[in-house]
Protein chains: 2
Amino acid sequence: MGQGVPAGGRIVRPNPIADDGSDQKFCSTCAFGAACVGNGVDKIRLSELHCLVEHVGPYRPGQSIVRTGDRFGAIFAVRSGTVKTRLVDLEGRELVLGFHLPGELIGLNAIHAETYPCDAVALDTVEVCRFSFPALATLATRIPQVQQELFRRLSKDLGEANLRKQEATADERLAAFVLNLSARYEARGFPADSLHLAMSRSDIANYLGLAAETVSRVLRRFQDTGLLKVDGRDVKLCEVAALRDVAKNLLHR
Amino acid sequence: MGQGVPAGGRIVRPNPIADDGSDQKFCSTCAFGAACVGNGVDKIRLSELHCLVEHVGPYRPGQSIVRTGDRFGAIFAVRSGTVKTRLVDLEGRELVLGFHLPGELIGLNAIHAETYPCDAVALDTVEVCRFSFPALATLATRIPQVQQELFRRLSKDLGEANLRKQEATADERLAAFVLNLSARYEARGFPADSLHLAMSRSDIANYLGLAAETVSRVLRRFQDTGLLKVDGRDVKLCEVAALRDVAKNLLHR
DNA sequence: ATCCGGCCATGACGTACGTCAAGCGGTTCC
DNA sequence: GGAACCGCTTGACGTACGTCATGGCCGGAT
């Protein structure tokens, strides 16, 4: 019935999930914890940050965490599961903007407009931490490290968004995509060579600017040439070096 | 000899340029002035912001304002002229990330890495205002409106960068491109229907993910169908409504 | 004057990837 | 049980746009 419960004999692997944290400790994948600790923020001030966090969820697949046009009041850090951000145009066509894994932030692109400019939709069972933005901004004026961390996050996302517009073949895009996911999982302590795609082929295609059929075909070819092993949404990276070589034009420099 | 001086009988139009500002007043196109005035920032605090501005330039066409890898220490606001940001990969291929008009900021994508991730190159005669980032960040902790304005700018750029990855035909891209330039000039008080392209066809093509030949062909067709008038790098928008219609899928929603 | 190098335009041709169509396994709902 | 649906795959075919090649124009250097 529910998510994450074995059904029909098929093994459903647990979501990557952050532990809960406590009053004295952030979730292990917390968006701010790691950045602030060991960065001159003492425990007392850290607990101030902790106070304004609110755990929200779980959301079921397909449920919206925020919707386009909702009044902006908070940013969210993914605690567990995968979130897709997307636009839907007047004719109902979808444009997938990105996927957000545990530890990553949602809503930074909403600050200036004061409404969320896109939907954030759970792809599987999702839990998030909610940071009231006015409270966070106020705290940022008192704790420079928090301000700095916000600037850094925004700046990083901006830089990455800028790079994503490169011309590239379907092979390059897909190789870069799986390597990128792999690296992001690894950075949060999950295995790097074996990953589960929470999103459909057509979401991947849409995100990469390809057709879903092309995604299928390229993944198949990657498997035929031994680069990786595909089983439905489970992907095993076999030849990371070769994948990097395929994607090298996108891993820039 | 210099830029902006009539040469060979050809009229060189002056750059769009912001006036100089004074101790009590920002440049008219200032990146912060308009945002802060009338936003609860009193004159005294505004002058604090003003103190950390440093006018730099002029730069000649082709000169770098910052280079990839330079230590990050400041963000820049364009005062006059047009700046191109770009990456150059190992094989010498260029990737144009964006064009920056008077009043727009450069360097926001450098905060997190502590080095600039791309080159910023003058396309014509360029003057900029330099804001030391450590000083600006410190000021931001004392003046919430400054902090807020920085968050807003970062957030806005992020949102726009996210949208730029849409699949689109060459026609859609070019129509959206000229309309976008036009709107940005208009926002700074320059005429909206008549614009001068500071960048070459191949820069435009690179930025839009097209071939330079395609840019030539599409502009020609736009002219043949009366949408606009092209004379070298001068473009006159004739049928704005029709252009919007061509670009409608990219002006999203 | 002459040469050269950018920049721009235009034509001929090839191809990577989109579109269309068909089929298949799994899940849900009657 | 079967029908309907969805996600995924695979094949056949068309096309938008890239690549290559040519030529014209302009400005700068010799």
Side-chain angles (χ1 to χ4, degrees), chain A residues 1-3 5-12 60-62 84 93-94 96 123-124 166-175 177 196-224 229-235 246 249, chain B residues 1-12 60-62 84 93-94 96 121 123-124 166-175 177 196-224 229-235 246 249:
Chain A
M1 244 97 295
Q3 326 303 128
V5 177
R10 193 176 180 79
I11 291 167
V12 178
R60 299 286 152 196
K84 165 175 84 170
R93 286 170 307 207
E94 187 177 15
V96 175
L123 290 178
D124 45 21
Q166 280 166 100
E167 273 306 279
T169 65
D171 284 25
E172 289 168 337
R173 285 171 208 245
L174 265 159
F177 178 71
H196 179 78
L197 306 175
M199 67 294 288
S200 69
R201 300 287 192 265
S202 68
D203 279 342
I204 298 173
N206 188 315
Y207 173 68
L208 295 177
L210 299 170
E213 294 90 329
T214 304
V215 172
S216 274
R217 282 188 261 260
V218 173
L219 286 181
R220 171 127 254 288
R221 191 152 32 72
F222 281 179
Q223 171 158 274
D224 288 349
K229 186 108 187 347
V230 185
D231 176 21
R233 293 188 175 186
D234 293 319
V235 176
V246 171
N249 290 333
Chain B
M1 242 136 245
Q3 327 301 127
V5 176
R10 191 177 182 78
I11 291 167
V12 178
R60 299 287 154 195
K84 165 175 83 171
R93 286 170 307 204
E94 188 176 13
V96 175
V121 182
L123 289 177
D124 45 21
Q166 280 166 101
E167 273 305 279
T169 64
D171 283 27
E172 289 169 336
R173 284 170 208 245
L174 264 158
F177 178 72
H196 179 76
L197 306 175
M199 68 295 287
S200 70
R201 299 288 192 266
S202 67
D203 279 342
I204 298 173
N206 189 313
Y207 173 68
L208 295 177
L210 300 170
E213 293 91 329
T214 303
V215 172
S216 275
R217 282 189 262 259
V218 173
L219 286 180
R220 173 127 252 288
R221 190 152 30 76
F222 281 179
Q223 170 158 277
D224 289 348
K229 184 106 187 353
V230 184
D231 176 20
R233 293 189 174 186
D234 292 320
V235 176
V246 171
N249 289 333

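Basis for what follows: all heavy atoms, side chains included, without hydrogens, waters or symmetry-related copies.
- In this structure, B/Leu219 places its CG atom 15 Å from C1' of D/dC17, rounding to the nearest Å.
- Taking atom CG on A/Asp231 and atom P on C/dG25, their separation rounds to 15 Å, with Å as the unit.
- Following rounding to the nearest Å, B/Ile204 (CD1) and D/dC17 (C1') show an atom-to-atom distance of 17 Å.
- When all heavy atoms are compared, the tightest approach of A/Arg173 to A/Leu208 is NH1-O, 2.7 Å.
- One atom, CZ of B/Arg201, and another, P of D/dC26, lie 14 Å apart when rounded to the nearest Å.
- A/Ser216 has no side-chain polar atom (N or O) that falls below the 4.0 Å cut-off from OP1 or OP2 of D/dC8.
- At the heavy-atom level, B/Arg220 lies under 4.0 Å from the strands shown only through sugar-phosphate atoms.
- Closest-nucleotide positions on DNA chain C for A/Ala211 and B/Ala212 were compared, and the one nearer the 5' end corresponds to B/Ala212.
- If you take CG on B/Asn206 and CD on A/Gln166, they are separated by 9.5 Å, rounding to the nearest 0.5 Å.
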Before giving the answer on salt bridge (charged side-chain N to carboxylate O under 4.0 Å, His left out), spell out for A/Asp171 and A/Arg221 the whole-Å C-alpha distance, their side-chain angles and the decisive distance to 0.1 Å.
-> CA-CA 9 Å; A/Asp171 284 25; A/Arg221 191 152 32 72; 2.8 Å; yes
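- B/Glu94 is not listed as a side-chain neighbour of B/Ser202, based on a closest heavy-atom distance of 4.5 Å or more.
- Side-chain contact check for B/Lys84 versus B/Met199: every heavy-atom pair is 4.5 Å or farther apart.
- Of the two residues near DNA chain D, A/Val230 and B/Asp171, the one whose nearest nucleotide lies more 5' is A/Val230.
- Put simply, CZ on B/Arg233 is 18 Å from P on D/dC25, counting in whole angstrom units.
- Rounded to whole angstrom, the span from the CG atom of B/Leu174 across to the C1' atom of C/dC8 amounts to 14 Å.
- Listed nucleotides: C/dA9, D/dG11, D/dC20. Nearest to the side chain of B/Glu213: D/dC20.
- For A/Arg217 and C/dT19, a side-chain-to-base donor-acceptor distance below 3.5 Å is present, hydrogens and geometry of angles not being considered.
- Whole-Å rounding puts the B/Arg60 CZ to D/dG28 P distance at 14 Å.
- Across the protein-nucleic acid pair, A/Leu210 atom CG and C/dT19 atom C1' stand 14 Å apart, rounded to whole Å.
- Residue order along DNA chain D, read from the 5' end via each residue's closest nucleotide, puts A/Thr214 first among B/Thr169 and A/Thr214.
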